[in-house]
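For ligands, and for the atoms within them, numbers begin at 1 and follow the listed sequence. Position 1 is the first residue of the sequence, and the numbers go up from there.
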Amino acid sequence: MTKISQLDANDGRAELMTDEDVIARIFDHIDNGTTDRGQSSWKEPAVNYQSVDRLDAELALLRHRWIVFCPSSTLEKSGDYIARDAAGIPLIVVRGSDGEVRAFRNACRHRGVQVAKDEGCTSVFVCPYHGWSYGTDGSLRSVPNGDGFPGLEKETRGLVRVDCLEQAGLIFVRQNAGADRSESVPDMPDLIPDSFRVVKSEAMEIEANWKLHLESALEGYHIRSTHQTTFFPVQYDNLTVVEAFGENSRIAFPYQAIERLRGRPKTDWSANGRITYVYHLFPNVIISTFPDCMQVVVIEPLGLERTRQHMFLLTDCAEGGEVLEAVFKGQEFAAKGAIEDRDVVMSAQRGLKSGANDFLEFGLFESAIGRFHTVLKREIEIPAF
Ligand code: FES
Ligand SMILES: [Fe+2]
């Protein structure tokens with residue numbers, strides 16, 4: 001597959017700005033009542049949220065690429081595993097006794113039943129149907145009453161492998177590589193500090209198309225209207241710094257507490273507690289930074305109007321229990337804002353069905369969304385993935 005490393009829509013930067021530069025730009029915007037703007041607005045046809053063919057193409061794209069499955073620290077010990085669907089396909093991702101993380105199609109090689117569900121730690125996966133068992137390396141270990149399967153070649157009937165790698169503190173899977181045999185994920189900065197560990201994970205379903213849900217994270221134009229009593233009192237309405245890196249974007253949402261940095265030496269200008277960075281890892285992952293913690297959110301399309309999000313909360317556990325308490329409190333606050341987002345997203349889904357709009361228009365302040373659709377369109381149109 002042809003890789004798009006830089007888009008026309010990009011403003012030319014290949015690398016992310018430093019905190020210092022982002023903060024200086026935010027001060028400029030505060031002083032001038034401005035925000036970052038894209039070069040043009042984007043009109044996304046409504047049919048792209050409603051067409052089964054389009055969703056199928058998007059799912060095929062998700063299966064074809066390296067996509068984030070979970071943070072590395074979710075599977076810390078040998079035998080730790082997560083079993084869940086990715087792009088509609090049941091997978092198991094497990095850390096083996098050799099420390100390597102492997103991914104498999106979660107389907108027994110007898111008659112296809114899932115051999116693991118949810119998450120846990122094990123040295124063996126036993127199929128609940130007839131008891132075939134598999135090691136964490138996927139090998140078929142035992143078959144009850146094996147004499148009923150004359151000629152069964154155990155070495156060819158292990159769980160079916162899926163490409164899997166760890167990079168930048170994240171575990172990626174690729175189900176169907178096609179022509180793309182790349183061994184690493186391009187354009188991936190180290191987003192997760194080494195000391196950060198997953199301290200909470202949860203899944204949530206949303207009655208809306210996955211792209212409507214994603215879009216709500218990629219602009220600050222809705223802060224005042226949607227988050228009147230949550231984010232608006234502590235942030236700014238429609239004040240963001242938007243950057244592109246590779247196919248991905250980063251949007252900086254400042255807190256009003258950033259004002260305290262004025263007059264301080266630039267060496268003190270840290271984003272922690274002053275800016276929430278939202279990284280959109282194309283196509284379906286959002287990583288957000290909050291004071292002393294971060295969230296990794298994997299967005300899983302379940303159908304045209306149904307989406308599941310998997311959220312992983314990470315923090316620096318070396319800092320001890322007090323930080324953890326503050327982090328959970330902060331997360332409760334963020335969760336209130338997330339409910340407000342979910343409400344407008346589900347409402348937008350109903351609005352799509354009303355037939356009022358032939359297209360959804362994303363303005364100059366919503367340029368990260370226009371960019372997302374630009375990349376998605378181009379990637380989907382690449383033949384033979
Ligand atoms: S389907 Fe798994 S043992 Fe029969
Ligand atoms: Fe929001």
Salt bridge or not for R102 and E100, using N-O below 4.0 Å? yes
Nearest neighbour in protein (non-hydrogen) for atom 1 (S) of ligand 1: R111 N, 3.3 Å
For the Fe ion (ligand 2), give me the closest N/O/S atom belonging to D341, just the atom name. OD1
State, yes or no, whether a side-chain contact exists between R174 and L62 at a heavy-atom distance under 4.5 Å. no
Output the atom name for the N/O/S atom of H110 with the smallest distance to atom 4 (Fe) of ligand 1. ND1
Please say which of E205, E207, E202 ends up in a salt bridge (charged side-chain N to carboxylate O under 4.0 Å, His left out) with R308. E205
Of the backbone and side-chain N, O or S atoms of C108, does one lie nearer to atom 4 (Fe) of ligand 1 than 2.8 Å? no
What atoms in ligand 1 come closer than 4.0 Å to a heavy atom of C127? 1 (S), 2 (Fe), 3 (S)
I'd like to know if the Fe ion (ligand 2) has an N/O/S atom from E340 within less than 2.8 Å of it, counting both backbone and side-chain atoms. no
Within the 4.0 Å heavy-atom shell around G131, which atoms of ligand 1 are there? 3 (S)
Under a plain distance cut-off of 3.5 Å, with no hydrogens placed, do E300 and H310 share a side-chain donor-acceptor pair? no
Could you tell me if K200 sits above the aromatic ring of F312, with its cationic atom closer than 6.0 Å to the ring centre and no more than 45 degrees from the axis? no
With the side chain counted from C-beta on, respond yes when D341 and M346 share a heavy-atom pair under 4.5 Å apart, and no when they do not. no
To which protein heavy atom is atom 4 (Fe) of ligand 1 closest, and what is the distance rounded to 0.1 Å? H130 ND1, 2.0 Å
Using a strict 4.0 Å cut-off to heavy atoms of W132, name the atoms of ligand 1 that fall inside it. 3 (S)
Below 4.0 angstrom from a heavy atom of Y129, which ligand 1 atoms are there? Numbered from 1 as shown, please. 1 (S), 4 (Fe)
Identify whether the distance between the nearest side-chain nitrogen and carboxylate oxygen of E325 and K329 falls below 4.0 Å. no
